[in-house]
Protein chains: 2
Amino acid sequence: MAASVTLSDVAREAGVSLATASRAINGSATRTVRPDLRDRVLAAAERLRYTPDANAQAMARGRTTSVGLVVHDITDPYFSSIAAGVTGAADAADLQVTLTSTQHRPEREVELVRLLQRQRARAVVVAGSRYDDEDANEVMRTALADYAAAGGSVALVGQPVLGVDTVVVENAAGAAALARALYARGYRRPAVLGGPLTHLTARERREAFADVFADLGSPVDPAHVVPGEFTHEGGEAAMRELLAVAADVDVVFAVNDVMALGALAAARDLGVRVPQDLALAGFDDILTLRDVVPPLTTVRVPLVEVGRLATELALADRSAEPRVRTVPTEVVLRASTPERTA
Amino acid sequence: MAASVTLSDVAREAGVSLATASRAINGSATRTVRPDLRDRVLAAAERLRYTPDANAQAMARGRTTSVGLVVHDITDPYFSSIAAGVTGAADAADLQVTLTSTQHRPEREVELVRLLQRQRARAVVVAGSRYDDEDANEVMRTALADYAAAGGSVALVGQPVLGVDTVVVENAAGAAALARALYARGYRRPAVLGGPLTHLTARERREAFADVFADLGSPVDPAHVVPGEFTHEGGEAAMRELLAVAADVDVVFAVNDVMALGALAAARDLGVRVPQDLALAGFDDILTLRDVVPPLTTVRVPLVEVGRLATELALADRSAEPRVRTVPTEVVLRASTPERTA
DNA sequence: TTGTACGCGTTATCAG
DNA sequence: CTGATAACGCGTACAA
């Protein structure tokens with residue numbers, strides 16, 4: 001960005017001082033500029049094709065207009081929907097979004113937060129779940145505290161374990177409601193594609209689901225809870241593993257939709273029909289589901305709104321206590337888990 | 001970002017000058033710092049939890065570390081894959097990505113470019129197709145020229161009609177190859193869900209496809225070329241329209257996969273079976289296709305690589321002439337267009 | 001090798 | 001209402 005026209009150029013061209021030019025163009029809050037002068041400045045700016053330098057403005061004002069977003073993979077519909085919510089909210093607040101991705105390496109979140117702190121992003125939204133890993137959490141906590149100490153504000157999507165504002169999705173309630181709905185439809189031999197063992201979102205969903213079936217007298221066989229990655233490939237692998245050992249399962253709950261789709265692919269590949277041979281349910285209600293056959297039962301999470309909420313939370317005035325915004329979930333029964341007659 | 005520790009603080013703490021602190025931390029190219037001093041500075045920085053201010057650095061250096069990206073909708077798998085390519089390439093170059101979205105309003109592209117110019121983004125990648133609208137193109141051309149004049153560089157994904165570096169996808173070649181492949185499979189009564197009339201990517205695909213069938217003696221009935229939006233809803237609506245008038249079509253070509261998926265939904269809804277009653281093909285090979293049944297025939301575009309290429313192009317040394325990188329496409333025949341026996 | 005001092009483009013304070 | 005001028009935080013000639 002070499003030879004840009006600066007405000008001084010505009011001021012000179014308009015025959016006014018730098019200060020006046022600044023006020024005329026920016027429309028400073030309290031200060032007002034005489035109309036004819038203002039017009040002269042605007043005309044000069046137009047003539048010179050002046051473009052304010054947002055960096056210099058940030059410098060002078062002491063705050064930037066950027067919001068950071070940390071995701072694991074922008075091609076994952078879960079994250080892209082959240083990203084849409086974040087960009088929408090940011091746009092509404094006249095802010096820009098800096099998109100960063102860990103490429104599925106959770107430990108990179110910390111680096112990205114530090115990076116965004118360097119950019120002096122006004123706020124940062126971290127979209128990934130937390131893990132049951134106190135060491136990792138402590139590192140992240142420190143990074144976020146540093147960022148907050150420097151004036152930044154953060155919102156997490158996930159679990160409120162880092163001392164910052166958090167959008168909490170009702171994972172347990174959703175998974176429990178799903179379990180009850182499936183039980184009501186006649187399912188008695190559930191299996192779970194459970195995701196990473198220490199992944200808190202996965203765990204919340206997995207355990208709530210299992211608890212309900214246990215309470216209802218049809219406990220999930222521990223051998224039928226298959227861990228794996230929180231991805232399409234993870235779901236596929238877990239499903240293969242499950243199908244290799246479980247002949248008597250009637251419904252499979254994948255702790256997220258992306259995994260459920262992987263599982264569906266595995267089933268198809270192995271000649272297991274869904275739902276005739278095996279019912280299948282996921283979680284999140286990602287956009288992709290509208291194109292999947294059979295229509296997949298899931299628990300809807302309003303992802304775009306989650307992104308929007310997180311952004312608004314991060315942008316709101318700071319509060320003494322970390323805030324929590326709870327987002328309800330809703331069971332959506334579809335054809336992949338039909339009423340069981342057998 | 002109020003009370004940040006500055007480099008001066010670090011310098012004072014370390015008992016050195018600002019310049020030395022700067023050189024020690026940044027590792028200035030030519031200048032070198034005596035080891036013990038360097039260590040003292042680094043220790044001080046660590047102790048004070050110093051974080052360099054990227055904005056101030058940008059200011060002083062005269063260039064930022066950000067790359068702008070303009071998409072229409074980040075939840076569209078086409079764009080999210082390109083975005084993944086862009087963030088990947090940016091990351092490799094130690095740059096950050098500013099994500100902006102038009103929300104499906106092409107005319108907003110110009111504003112977003114201006115916005116990114118204000119941020120002094122080093123480079124901007126515009127991911128959407130051009131339109132056959134010389135007025136709009138001229139406006140965009142001017143915006144890009146202004147940005148380039150200010151030192152920015154741009155890469156487009158689409159058509160090289162704006163005088164800037166462009167990644168060109170072989171739409172025509174791909175659509176033609178697809179048409180030949182479908183003809184070879186026995187299809188003779190093609191229809192096209194053609195997208196927006198003036199949308200150049202849609203037009204290139206539509207016309208190349210139709211030309212081939214015409215040359216082969218099975219011209220597309222003009223009544224069977226249904227325009228519409230370049231979206232899921234657009235594909236669905238177009239398919240409904242088509243099915244209302246065309247009883248004798250044997251294959252439908254949707255000019256992109258997202259539309260094809262909309263069309264598939266419409267067909268399903270109307271009880272038209274794909275491929276038994278009607279074959280269907282799309283274009284792009286978006287990630288979503290891996291989860292769709294029947295597997296959809298399409299023309300693969302290496303979307304992540306397109307994003308990467310565009311970013312590299314924009315980041316490369318400036319050239320006198322606008323460069324063009326052509327990306328080949330590849331027909332992928334799947335079950336949605338089986339060999340036709342009837 | 002180190003330090004001084006200026007400049008980057010803008011806002012904001014404080015006199016006029 | 002307008003105009004100097006001092007910040008903002010950092011990089012880098014230039015001098016020592």
Side-chain angles (χ1 to χ4, degrees), chain A residues 1-41 44-45 48-65 117-122 150-152, chain B residues 1-41 44-45 48-65 117-122 150-152:
Chain A
M1 310 304 299
S4 275
V5 177
T6 75
L7 192 54
S8 310
D9 298 332
V10 175
R12 192 177 327 114
E13 171 85 4
V16 301
S17 76
L18 187 58
T20 301
S22 172
R23 297 194 270 250
I25 288 187
N26 173 302
S28 171
T30 47
R31 306 316 199 172
T32 165
V33 175
R34 212 196 323 151
D36 61 319
L37 274 192
R38 199 178 53 78
D39 291 347
R40 241 163 59 200
V41 172
L48 267 43
R49 325 233 57 160
Y50 167 72
T51 306
D53 182 326
N55 272 288
Q57 293 184 315
M59 181 103 263
R61 294 202 248 248
R63 63 201 147 81
T64 66
T65 60
Q117 177 175 354
R118 280 218 277 271
Q119 315 293 307
R120 299 296 186 266
R122 253 199 216 192
Chain B
M1 310 302 300
S4 273
V5 177
T6 75
L7 191 54
S8 309
D9 298 332
V10 175
R12 190 176 330 112
E13 170 85 4
V16 302
S17 75
L18 220 183
T20 301
S22 172
R23 297 194 269 253
I25 289 186
N26 171 302
S28 168
T30 48
R31 305 317 199 174
T32 165
V33 175
R34 213 198 319 151
D36 60 320
L37 275 193
R38 200 177 54 77
D39 291 346
R40 243 167 53 205
V41 172
L48 268 42
R49 325 231 58 157
Y50 167 71
T51 306
D53 182 326
N55 271 286
Q57 292 184 315
M59 202 66 287
R61 294 202 248 247
R63 63 201 148 80
T64 66
T65 60
Q117 177 175 352
R118 279 218 275 274
Q119 315 293 308
R120 299 295 186 266
R122 258 201 213 190

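Chain naming here is simple, since letters A, B, ... match the order of the sequence lines and numbering starts at 1 in each. This is a predicted model, so every value here is computed, not measured.
- In this model, the phosphate group of dT11(C) is approached by a side-chain N or O of Ser22(A) to a distance below 4.0 Å at OP1 or OP2.
- What separates CD1 of Ile25(B) from P of dG11(D) is a distance of 9 Å, to the nearest Å.
- In this structure, Arg63(B) atom CZ and dC10(D) atom P are separated by 17 Å, rounded to whole Å.
- Listed candidates were dT1(C), dG9(C), dT12(D). Nearest to the side chain of Met59(A) is dG9(C).
- Between the Arg122(A) side chain and the Thr64(A) main chain, a donor and an acceptor come within less than 3.5 Å of each other.
- For the pair Arg61(B) CZ and dG9(D) P, the computed distance is 16 Å after rounding to whole Å.
- Ranking dT2(D), dG9(D), dG3(D) by closeness to the Leu37(A) side chain, first place goes to dT2(D).
- Taking Ser8(B) as the reference, nothing meets the side chain to side chain donor-acceptor pair (under 3.5 Å) condition, with sequence neighbours excluded.
- Comparing atom distances between the Arg34(B) side chain and each of dT2(C), dC8(C), dA12(C) picks out dT2(C) as nearest.
- For Thr20(A), the side chain to side chain contact (heavy atoms under 4.5 Å, CB included) partners at least two apart in sequence or on another chain are Val16(A), Ser17(A), Arg23(A), Val33(A), Leu37(A).
- Nearest-nucleotide positions on DNA chain C place Gly15(B) closer to the 5' end than the other of Gly15(B) and Ala60(B).
- Neither OP1 nor OP2 of dC10(D) sits under 4.0 Å from any side-chain N or O of Gln57(B).
- Axis orientation changes by 40° from one end of the helix from dT1(C)-dA16(D) to dG16(C)-dC1(D) to the other, with each end axis drawn from 5 pairs and the value rounded to 10°.
- Considering only side-chain N and O atoms, Asn26(B) lies nowhere under 4.0 angstrom from the phosphate OP1 or OP2 of dC10(D).
- Considering only heavy atoms from C-beta on, Thr65(A) comes within 4.5 Å of Gln119(B) through its side chain.
- Side-chain N/O atoms of Asn55(B) include none lying less than 4.0 angstrom from OP1 or OP2 on dC8(D).
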Give the intermediate values and the outcome of side-chain contact (heavy atoms from CB on, under 4.5 Å) for residues Leu7(A) and Ser22(A).
CA-CA 7 Å; Leu7(A) 192 54; Ser22(A) 172; 3.7 Å; yes
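- Side-chain atoms of Arg118(A) never come within 3.5 Å of backbone atoms of Ala54(B) as a donor-acceptor pair (strictly under, hydrogens ignored).
- Under the rule for a salt bridge (charged side-chain N to carboxylate O under 4.0 Å, His left out), Arg61(B) has no partner lying at least two apart in sequence or in another chain.
- Side chain of Ser17(B), nearest nucleotide from dG3(C), dG11(D), dG9(D): dG3(C).
- Residue-level contact check: Leu18(A) touches the bases, meaning some heavy atom is under 4.0 Å from a base atom.
- The side chain of Asp53(B) lies closest to dG9(D) when the candidates are dT10(C), dG9(D), dG3(D).
- Atom pair Gln119(A):CD and dC10(D):P shows a separation of 13 Å (rounding to whole Å applied).
- Residue side chain Arg23(B) reaches the base of dG3(C) through a donor-acceptor N/O pair under 3.5 Å, judged by distance alone.
- Evaluation of the salt bridge (charged side-chain N to carboxylate O under 4.0 Å, His left out) rule for Asp9(B) yields Arg12(B) as partners, not counting sequence neighbours.
- Separating the CG atom of Leu7(B) from the P atom of dA7(D) is a distance of 18 Å, rounded to the nearest angstrom.
- Proximity note for Ala19(A) (side chain, C-beta onward) versus dT10(C), dA12(C), dG11(D): the nearest is dA12(C).
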